[in-house]
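Side chains included, hydrogens not; waters and symmetry mates left out as well; all remaining heavy atoms used. Treat the numbers as computed from the prediction; the structure is a model and nothing was measured. Chain identifiers are assigned alphabetically (A, B, ...) following the order of the sequence lines, protein sequences preceding nucleic acid strands; residue numbering begins at 1 within each chain.
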Amino acid sequence: MDNTSLENSIKRASEEMIAEIREKEARELGRLDEDYAAEIERFRKTMEAETRSRMDQELSRLENRAVLERKKLKLTTVERFIQRIVEDVMRGIRSHPRYRQFLMDAAAGAAAQIPENVEVRLAPDDGVYGNEIDEALRIAGDHRQIRIEADAAIGWGGCLVVDSARGRIFNRTLERIYFRKALQIRRKVLQVLQDRTEGKESVTR
Amino acid sequence: MSAEIEYTNLSGIAGPLIFVDGIRGVGYGDIVEIRDASGELRTGQTLEVDEQRAVVQVYEGTSGLSVKGTRVTFVGRALEIPVDRDMLGRVYDGLGRPIDGAPQVITDRMMNVNGLPINPWSREYPRDFIQTGISAIDGMNTLIRGQKLPIFSGSGMPHNRIAAQIARQARILTAEEEFTVIFAAMGVKFDVARFFIDSLEESGVLTHSAIFLSLADSPSIERLVTPRTALTLAEYLAFEEGMHVLVILTDMTNYCEALRELSSSRGEIPSRKGYPGYLYSDLASVYERAGRLKGGKGSITQVPILTMPSDDISHPVPDLTGYITEGQIVLERALFNKGIYPPIAGLPSLSRLMKDGIGEGRTRKDHGQVAAQLFASYAKVKRIRALAAIVGEEELSDLDKVYLKFGTAFEEIFLRQDYEENRSIEQTLDIGWRMLSLLPRDELYRIAREDIQKYYMPEAASA
């Protein structure tokens with residue numbers, strides 16, 4: 001019996017099935033490739049979006065920081081300038097013609113509120129006024145004990161008048177006066193600076 | 001100008017308090033300057049005054065102070081801080097002193113930190129909607145400009161992230177004035193403070209924000225002043241510069257702990273859980289510094305954050321806060337444990353001013369009805385879940401099963417959103433409609449028929 005035609009038929013059928021499987025495989029591979037490409041594209045887009053968002057955040061952080069650092073630097077510079085002006089003024093204040101009288105009035109004004117012993121503390125550089133203050137306070141004619149002491153903690157000038165019996169210190173130092181007025185003084189200096197920068201003659205003196 | 005008097009008669013130091021004898025002409029609540037032997041300056045306030053003696057609380061704490069060598073000056077006025085628009089972008093301590101390495105802003109404008117609660121007659125009723133970009137808030141517990149809406153949270157829950165997200169995303173749709181964020185932290189850890197600074201910096205908000213920090217290791221007494229200094233700057237910016245100011249205060253529970261500590265130092269009779277009897281009025285003096293003024297452009301909106309010890313909403317701090325504020329946003333442990341962010345509890349959260357700030361011309365016509373229906377439907381979900389826990393899910397009716405599906409979708413899609421996700425009110429309402437469309441039309445009994453016709457999407461149920 002000749003099996004050739006049967007074999008051929010089986011062969012053909014097998015080849016057809018193989019071709020179909022290959023075609024299906026190719027389709028499947030194509031689909032997988034497409035899915036893969038789509039997945040890669042999605043991932044790329046996600047990463048891109050995340051990176052862009054991260055970059056925006058970093059950019060925003062840098063911009064923020066730059067604006068703030070500039071603001072702080074400007075403030076620090078102005079502050080240093082104000083400090084220098086204030087220190088210059090305070091260094092020269094002892095040679096001001098009204099300083100002696102200020103010191104005498106400050107000591108006398110405080111001492112007048114103390115019924116018992118009085119201790120006046122002066123900056124070491126103001127020692128020259130010690131005797132004068134001592135005399136001025138004694139003129140009142142009372143019998144209080146008056147002591148004049150040097151106090152290194154007083155730098156710029158002025159005096160501390162101590163009422164040890166009542167635990168009070170009358171503070172008339174220039175440091176304290178400046179401390180109390182610092183905000184206004186800083187504001188005025190800044191105003192003068194701004195006016196000068198804008199070319200206006202300052203009216204705030 | 002007469003000499004300033006410094007007192008050296010300290011008779012005792014106890015906790016954050018010092019006792020000064022032999023004083024004259026000192027007022028209650030006056031600010032006090034305390035200089036130790038080295039001249040270092042601290043600030044305090046008189047708490048009690050009689051003819052000869054004053055009790056002073058020292059904001060920076062009394063450690064290192066001694067009875068001898070300490071000098072005390074009664075300044076004769078209440079605590080004031082400098083205020084200026086230039087204070088924005090900076091970081092301050094609880095007393096309003098800069099701690100970011102640069103000097104204090106140059107201004108001669110000073111304001112009393114105690115402010116004054118706004119006169120009821122001068123108040124403008126809050127109406128403008130603030131879009132936070134968070135659906136659970138915008139959709140169901142809308143924040144209104146000038147409102148005080150606290151976040152009731154618990155230990156470990158993401159209240160700080162929510163607050164940072166609000167600070168970053170908040171904007172007013174119906175107004176064009178500048179929007180500013182003032183952030184005050186009381187008793188928080190440094191990492192929390194750093195998180196807020198970084199978050200504001202990254203989002204570009206820091207340049208128009210100011211941060212007041214009284215950290216966990218700062219003297220507890222400073223925490224009592226911190227919200228007041230922050231609100232003082234907020235009042236200046238809102239009522240003198242015409243800005244919209246969002247004030248975030250965290251954590252008010254730490255503030256109340258500090259109040260309790262001080263109260264017991266003073267030997268006062270304790271009230272509930274050891275808090276002083278005046279806790280309510282003290283909290284009111286902070287919370288009432290929010291609102292809008294008639295004829296003014298600016299406003300102060302407050303979002304205080306408080307952690308409820310053991311998640312107990314009946315604890316005195318959330319309890320009394322709830323009396324004063326206009327609603328609350330409650331964070332729910334169960335949602336948090338499910339990994340849902342933000343875990344804003346649907347039912348106990350409430351915004352009392354919401355109804356006046358939403359609707360046509362402000363958000364969208366259907367907003368109120370959608371919110372009411374979501375509340376009602378989610379409440380039903382809670383009841384059905386309780387029933388299912390007893391009888392089992394299989395025994396539920398078909399409608400009940402639909403509600404369960406709605407409940408899950410509501411939590412997973414409406415409530416849940418990303419920390420970076422900023423949803424517009426339209427997006428929020430559309431998501432709300434998608435959730436409601438899971439339910440049969442007949443179940444939407446709080447919504448007008450015409451709105452159902454317009455927004456109901458039956459395809460959502462099949463999707």
In sequence, state the C-alpha distance, the side-chain angles, and the governing distance for Thr107(B) and Leu183(A), and then conclude on side-chain contact (heavy atoms from CB on, under 4.5 Å).
CA-CA 7 Å; Thr107(B) 175; Leu183(A) 283 178; 5.5 Å; no

What do the steps show when you test Val75(B) against Arg180(A) for side-chain contact (heavy atoms from CB on, under 4.5 Å), and what is the final call?
CA-CA 10 Å; Val75(B) 180; Arg180(A) 212 50 78 204; 4.3 Å; yes

Would Leu206(B) and Arg61(A) count as a side-chain contact (heavy atoms from CB on, under 4.5 Å) here? Give the steps.
CA-CA 9 Å; Leu206(B) 190 60; Arg61(A) 184 201 287 267; over 6 Å; no

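Note that the CD atom of Glu420(B) and the CD atom of Glu50(A) stand 10.0 Å from one another [nearest 0.5 Å]. Expressed to the nearest 0.5 Å, how far CG of Asp84(B) lies from CZ of Arg187(A) amounts to 7.5 Å.
Residue Val72(B) does not touch chain A at all, counting heavy-atom pairs closer than 4.5 Å. Heavy-atom distances place no part of Ile23(B) under 4.5 Å from chain A, backbone and side chain included. Of the atoms belonging to Phe102(A), not a single heavy atom falls under 4.5 Å from chain B. Interface residue Asp100(B): backbone and side-chain heavy atoms are both found under 4.5 Å from chain A. Of the atoms belonging to Arg109(B), not a single heavy atom falls under 4.5 Å from chain A. Proximity to chain B (any heavy atom under 4.5 Å) is shown, for Leu75(A), by both the backbone and the side chain.
The two residues Leu200(B) and Asn64(A) come nearest to each other via the heavy atoms O-ND2, 4.3 Å. The two residues Ser60(A) and Glu202(B) have their closest heavy-atom pair at OG-O, 3.0 Å. When all heavy atoms are compared, the tightest approach of Arg71(B) to Leu160(A) is NH1-CD1, 3.9 Å.
Annotation: maximal heavy-atom pairing with chain A below 4.5 Å, among Thr73(B), Asn9(B), Leu10(B), Leu88(B), occurs at Asn9(B). Highest contact tally toward chain B, considering only Asp105(A), Ile82(A), Val78(A), Thr76(A), is held by Thr76(A) [criterion: heavy-atom pairs under 4.5 Å]. For the options Arg65(A), Glu63(A), Arg80(A), Gln184(A), heavy-atom pairs under 4.5 Å to chain B are most numerous at Arg65(A).
No option in Arg176(A), Arg166(A), Arg172(A) other than Arg176(A) meets the salt bridge (Lys or Arg N to Asp or Glu O under 4.0 Å) test with Glu6(B).
For Arg84(A), the CZ atom sits in a loose shell: 12 or fewer heavy atoms of surrounding residues, nucleotides or ligands are nearer than 6.0 Å. In the displayed structure, Phe81(A) atom CZ is contacted under 6.0 Å by at most 12 heavy atoms of other residues, nucleotides or ligands. Within 6.0 Å of CD on Glu20(A) lie no more than 12 heavy atoms contributed by other residues, nucleotides or ligands. Within a 6.0 Å radius of CZ in Arg97(B), more than 12 heavy atoms belonging to other residues, nucleotides or ligands are found. By the 6.0 Å contact criterion, CD on Glu48(A) is enclosed, its count of non-hydrogen atoms from other residues, nucleotides or ligands being greater than 12. Surrounding OH of Tyr419(B) are more than 12 heavy atoms belonging to other residues, nucleotides or ligands, all under 6.0 Å away.
Panel note: side chain Asn171(A), backbone Glu4(B); no donor-acceptor pair is recorded below 3.5 Å. Proximity of a side-chain donor or acceptor of Arg186(A) to a complementary backbone N or O of Gln104(B) within less than 3.5 Å is detected. A donor-acceptor pair under 3.5 Å is absent between the side-chain atoms of Lys71(A) and the main chain of Arg90(B), judged by distance alone.
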